[in-house]
Student: 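To start, I am sharing the structure in question, which I have written as structure tokens.
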Amino acid sequence: MEEIRVRFAPSPTGKVHIGNIRAAIYNWLFARHTGGKFLLRVEDTDLERSTPEAIQVLFDCMKWLGLDYDEEVFYQTKNAPRHLAVAEQLLASGHAYKVERTSRDGKTGVVTMFRMPKEGTIEFDDIVKGHMAKKAEDIPDFAIVRSDGSPIFHLANVVDDIDQRVTHIIRGDDHVENTFKHICLFQALGAPIPKYGHLSMIVNQQGKPYSKRDGAAFVGEYREQGYLPEALFNYLLLLGWNPGDDREVLTREEMIRLFELEKVHVTAAMFDPKKLAWMNGEYVKMIPPADFQAEMRRRVAAAGLADGGHDAAWWDYLAAQIQPRTKVLNDLDTSLTCFFTDDYPMDAKAVEKRLKKPGVKATLLDLVTRFGAVAAADWTAPNLEALVKGLSQGGGMGPWVHPIRVAVSGRGEGIGLFEMLQLLGKETALARLGKVAATLEP
């Protein structure tokens with residue numbers, strides 16, 4: 001049985017688009033599922049953009065996502081002599097010809113053109129999209145070598161696929177038109193034609209190609225925002241494929257076992273940032289508690305905040321409250337602040353909504369008195385909740401809970417209020433309630 005060989009062939013520019021990395025994920029999973037080889041080809045012919053720094057960004061991105069590759073990295077520029085030798089071969093066989101062309105800047109030069117067949121139909125069975133066909137006469141001849149002697153994408157791409165013995169080409173469906181041309185190149189060179197699978201586009205809520213105008217569009221941005229690589233990998237996999245049941249959060253082993261290229265969806269996949277954030281939150285919950293706590297401590301230190309000298313039990317309790325409510329790790333920068341400094345920012349909308357109502361000042365001052373009567377040993381979430389519940393006399397606790405939260409944390413959301421009060425401690429909580437009450441109108 002022939003060994004399956006697939007490739008990821010990006011043109012490094014310093015950023016890796018989520019659409020490109022999704023293609024890499026599908027190639028990687030297909031190779032791992034079938035026991036084949038996943039190859040990395042760096043199409044670095046754009047020397048101005050494909051700098052060593054840009055290529056390193058690509059490597060870092062793949063490593064972060066766990067996309068390991070087989071064999072050595074294949075650099076397209078190093079195969080340029082071979083590309084040009086093949087162009088000469090095509091000229092000699094009559095499949096190519098030279099013609100003088102004038103470029104847009106007015107310069108005249110000789111380019112090498114590939115001679116397309118003028119009769120018949122070019123067709124192939126796409127693993128994802130089904131049978132594809134086009135009349136040869138509808139595809140004009142196309143350039144394969146520029147006037148400066150450099151090989152053009154079509155030629156380089158096909159020659160590299162031949163040299164790397166690629167058996168399956170899995171790429172975006174923006175390449176379908178190129179595929180008809182490439183099949184003719186393979187045939188002219190007497191080389192076996194790989195099987196193709198063209199992936200649908202990733203689109204925004206309006207059904208248009210997803211771009212940076214819609215939000216983060218590059219892998220590096222998600223990494224910087226505190227997304228976990230496992231979550232981004234999982235989410236991108238589901239943009240065009242599913243395991244056939246209701247499961248959404250999958251282990252890498254399950255992905256490899258279940259992935260089949262034939263089950264990739266034909267329709268475009270809509271990118272939903274909220275769904276990605278939810279999925280990331282599911283993966284945050286899976287972080288070992290010790291690791292999550294270490295991440296909290298790191299961010300507290302990075303923000304220049306003192307850790308307060310709290311004991312291990314306090315940190316354990318804080319982590320237990322925050323971890324299940326954290327969607328993205330960068331959220332920690334905001335959610336942790338109030339526990340380590342009295343100089344926390346006050347959210348203007350929360351202040352307006354929760355603290356500027358008539359009677360709030362009196363409520364906070366009353367709470368200072370009532371909370372002040374609680375013994376330090378009894379300053380626990382259950383006791384504090386029972387106290388406020390008693391004040392509500394069977395009604396909702398909102399009139400007390402919301403003003404307290406904004407006063408002691410500056411925010412209208414966060415962990416459970418009474419757990420927050422327990423963590424802050426009696427002295428700090430009372431001081432903050434009194435300080436905020438003093439700024440309010442009666």
Student: Is the closest side-chain donor-acceptor distance between Ser150 and Arg146 under 3.5 Å?
Tutor: yes
Student: Do NZ/NE/NH1/NH2 and the carboxylate oxygens of Glu177 and Lys181 come within less than 4.0 Å?
Tutor: no
Student: Would you say CZ of Arg49 has more than 12 non-hydrogen atoms from neighbouring residues, nucleotides or ligands within 6.0 angstrom?
Tutor: no
Student: What orientation do Trp241 and Phe259 show, parallel under 30°, tilted 30 to 60°, or perpendicular over 60°?
Tutor: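 The arrangement is tilted - the two ring planes meet at 30° to 60°.
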Student: Does atom NZ of Lys389 have more than 12 heavy-atom neighbours, drawn from other residues, nucleotides or ligands, at distances under 6.0 Å?
Tutor: no
Student: Under the side-chain contact (heavy atoms from CB on, under 4.5 Å) test against Arg7, which residue among Arg41, Lys37, His168 passes?
Tutor: Arg41
Student: Hey, could you give me each pair passing ring-ring contact (aromatic ring centres under 6.0 Å, His included) that has a residue in residues 317-362? Not counting sequence neighbours.
Tutor: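 Of all non-adjacent pairs touching residues 317-362, those that pass ring-ring contact (aromatic ring centres under 6.0 Å, His included) are Trp314-Phe340, Trp315-Phe340.
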Student: When rounded to the nearest 0.5 angstrom, what is the spacing between CZ in Arg411 and CE in Met420?
Tutor: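 One finds 7.5 Å between CZ of Arg411 and CE of Met420.
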Student: Verify the neighbour count for atom CG of Asp343: are there more than 12 heavy atoms of other residues, nucleotides or ligands below 6.0 Å?
Tutor: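 Not buried by this count: 12 neighbours or fewer within 6.0 Å.
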Student: Around atom NZ of Lys195, are there more than 12 heavy atoms from other residues, nucleotides or ligands closer than 6.0 Å?
Tutor: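 Atom NZ in Lys195 is not crowded, with 12 or fewer foreign heavy atoms closer than 6.0 Å.
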Student: Is the Phe218 ring parallel, tilted or perpendicular to the His17 ring (thresholds 30°, 60°)?
Tutor: perpendicular
Student: For Thr77, which of Thr45, Asp44, Asp46 qualifies under side chain to side chain donor-acceptor pair (under 3.5 Å)?
Tutor: Asp44
Student: Does Glu262 have more than 12 heavy atoms from other residues, nucleotides or ligands lying within 6.0 Å of its CD?
Tutor: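 Yes, enclosed.
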Student: Side chain to side chain contact (heavy atoms under 4.5 Å, CB included) between Leu238 and Met279: does it pass, once the steps are laid out?
Tutor: CA-CA 11 Å; Leu238 297 181; Met279 179 167 284; 3.7 Å; yes
Student: Roughly how far, to the nearest 0.5 Å, is the CH2 atom of Trp28 from the CG atom of Leu40?
Tutor: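 Answer for the CG-CH2 pair, Leu40 versus Trp28, is 14.5 Å.
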Student: Tell me whether the count of non-hydrogen atoms from other residues, nucleotides or ligands lying under 6.0 Å of CG in Asp246 goes above 12.
Tutor: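 Counting other residues, nucleotides and ligands, CG of Asp246 stays at 12 neighbours or fewer.
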Student: Under a 4.0 Å N-O cut-off, is there an ion pair linking Arg299 with Asp333?
Tutor: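 Judged by the 4.0 Å cut-off on N to carboxylate O distance, Arg299 and Asp333 do form a salt bridge.
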Student: Start with the C-alpha gap between Asn157 and Glu43, add the side-chain angles, then the distance that decides, and say whether side-chain hydrogen bond (donor to acceptor under 3.5 Å, both in side chains) holds.
Tutor: CA-CA 9 Å; Asn157 198 261; Glu43 299 196 339; 2.9 Å; yes
Student: Is the closest side-chain heavy-atom distance between His182 and Val158 below 4.5 Å?
Tutor: yes
Student: Looking at Lys349 and Glu352, is there a salt bridge between them, counting it only when a charged N and a carboxylate O are closer than 4.0 Å?
Tutor: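 The answer is no: the pair does not qualify as a salt bridge.
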Student: Which atom pair, heavy atoms only, marks the closest approach of Gln225 to Val328?
Tutor: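 Heavy-atom minimum between the residues: O-CG1, 2.7 Å.
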Student: Using a 4.5 Å cut-off on heavy atoms from C-beta on, say whether the side chain of Val249 contacts that of Met286.
Tutor: yes
Student: For residues Ala54 and Gly14, report the shortest heavy-atom separation together with the two atoms involved.
Tutor: CB-N, 3.3 Å
Student: Start with the C-alpha distance between His131 and Glu123, add both sets of side-chain angles, then the distance that settles side-chain hydrogen bond (donor to acceptor under 3.5 Å, both in side chains), and finish with yes or no.
Tutor: CA-CA 7 Å; His131 189 72; Glu123 51 192 321; 2.8 Å; yes
Student: Can you check side chain to side chain contact (heavy atoms under 4.5 Å, CB included) on Tyr75 and Ile55, steps first, answer last?
Tutor: CA-CA 11 Å; Tyr75 291 91; Ile55 293 172; 4.3 Å; yes
Student: Looking only at heavy atoms, what is the nearest atom pair of Gly226 and Asn280, with distance?
Tutor: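 Smallest heavy-atom distance, with atoms named: O-ND2, 3.8 Å.
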Student: Kindly compute the distance separating CG (Asp163) from CG (Asn79), expressed to the nearest 0.5 Å.
Tutor: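 Interatomic distance, Asp163 CG to Asn79 CG, rounded to 0.5 Å: 5.0 Å.
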Student: How about Pro10 and Leu58: do any of their side-chain heavy atoms sit closer than 4.5 Å?
Tutor: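 Contact flag for Pro10/Leu58 side chains = yes.
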Student: Could you tell me which non-hydrogen atom of Gly372 sits nearest to which non-hydrogen atom of Lys426, and how far apart they are?
Tutor: O-NZ, 3.0 Å
Student: Which atom pair, heavy atoms only, marks the closest approach of Ser50 to Ser11?
Tutor: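 Reported closest heavy-atom pair: OG-C, 4.5 Å.
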Student: May I ask you to check whether Tyr227 and Tyr283 place their ring centres under 6.0 Å from each other?
Tutor: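 That pair fails the under 6.0 Å test.
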Student: Heavy-atom count check: over 12 atoms from other residues, nucleotides or ligands less than 6.0 Å from Lys129 NZ?
Tutor: yes
Student: How about Thr380 and Gln422: do any of their side-chain heavy atoms sit closer than 4.5 Å?
Tutor: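 A side-chain contact exists here, since the closest heavy-atom pair is under 4.5 Å.
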Student: Just how far is it from atom CD1 of Ile415 to atom SG of Cys338, taken to the nearest 0.5 Å?
Tutor: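 One finds 7.5 Å between CD1 of Ile415 and SG of Cys338.
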Student: Examine distances only and state if a side-chain atom of Lys327 and a backbone atom of Gly281 form a donor-acceptor pair shorter than 3.5 Å.
Tutor: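 Side chain of Lys327 to backbone of Gly281: no pair is present.
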Student: Go through the steps to decide whether Asp68 and Arg32 satisfy the test salt bridge (Lys or Arg N to Asp or Glu O under 4.0 Å), and finish with yes or no.
Tutor: CA-CA 10 Å; Asp68 58 321; Arg32 298 295 174 253; 3.6 Å; yes
Student: Looking at Asn178, Asn27, Thr179, which one forms a side chain to side chain donor-acceptor pair (under 3.5 Å) with Arg171?
Tutor: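 Result: among Asn178, Asn27, Thr179, Thr179 is the only option passing the side chain to side chain donor-acceptor pair (under 3.5 Å) with Arg171.
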Student: Check for a donor-acceptor pair, side chain of Asn204 on one end and backbone N or O of Tyr210 on the other, with a separation under 3.5 Å.
Tutor: no
Student: Determine whether Asp160 and Phe74 satisfy the following criterion, side chain to side chain contact (heavy atoms under 4.5 Å, CB included), listing intermediate values before the conclusion.
Tutor: CA-CA 9 Å; Asp160 291 348; Phe74 188 103; 3.5 Å; yes
Student: Asp173 and Ser200: which non-hydrogen atoms are nearest, and at how many Å?
Tutor: OD2-CA, 3.5 Å
Student: Using atom types as modelled and distance alone, determine if a side-chain donor or acceptor of Trp379 lies under 3.5 Å from a backbone N or O of Leu421.
Tutor: yes
Student: For a side-chain hydrogen bond (donor to acceptor under 3.5 Å, both in side chains) check, start with the C-alpha distance between Glu230 and Asn234, then their side-chain angles and the critical distance, and finish with the verdict.
Tutor: CA-CA 6 Å; Glu230 298 86 354; Asn234 194 154; over 6 Å; no
Student: Would Val284 and Phe292 count as a side chain to side chain contact (heavy atoms under 4.5 Å, CB included) if you check the C-alpha gap in whole Å, the side-chain angles of each, and the deciding distance to 0.1 Å?
Tutor: CA-CA 8 Å; Val284 169; Phe292 185 80; 3.9 Å; yes
Student: Taking 4.0 angstrom as the limit, do Glu254 and Arg247 come out as a salt bridge?
Tutor: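 The answer is yes: the pair qualifies as a salt bridge.
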Student: Does any part of the side chain of Val219, heavy atoms only, come nearer than 4.5 Å to the side chain of Cys61, both counted from C-beta?
Tutor: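 Cys61 vs Val219: side chains touch.
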Student: Working to the nearest 0.5 Å, report the span between OH of Tyr26 and CG of Leu239.
Tutor: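 Output value for this atom pair is 6.5 Å.
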Student: Report the C-alpha distance between Glu248 and Lys275 in whole Å, list the side-chain angles of each, state the deciding distance to 0.1 Å, and finish with yes or no for salt bridge (Lys or Arg N to Asp or Glu O under 4.0 Å).
Tutor: CA-CA 11 Å; Glu248 294 184 300; Lys275 183 66 174 290; 2.5 Å; yes
Student: Find out whether Tyr196 and His175 are in side-chain contact, i.e. whether some heavy atom of one side chain is under 4.5 Å from a heavy atom of the other.
Tutor: no
Student: Roughly how far, to the nearest 0.5 Å, is CG of Asn242 from CG of Leu237?
Tutor: 9.0 Å
Student: Does the side chain of Lys15 reach to within under 4.5 Å of the side chain of Val57, using non-hydrogen atoms?
Tutor: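 Answer no - side chains too far apart.
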Student: A side-chain contact here means heavy atoms from C-beta on lying under 4.5 Å apart; do Met255 and Ile25 qualify?
Tutor: no
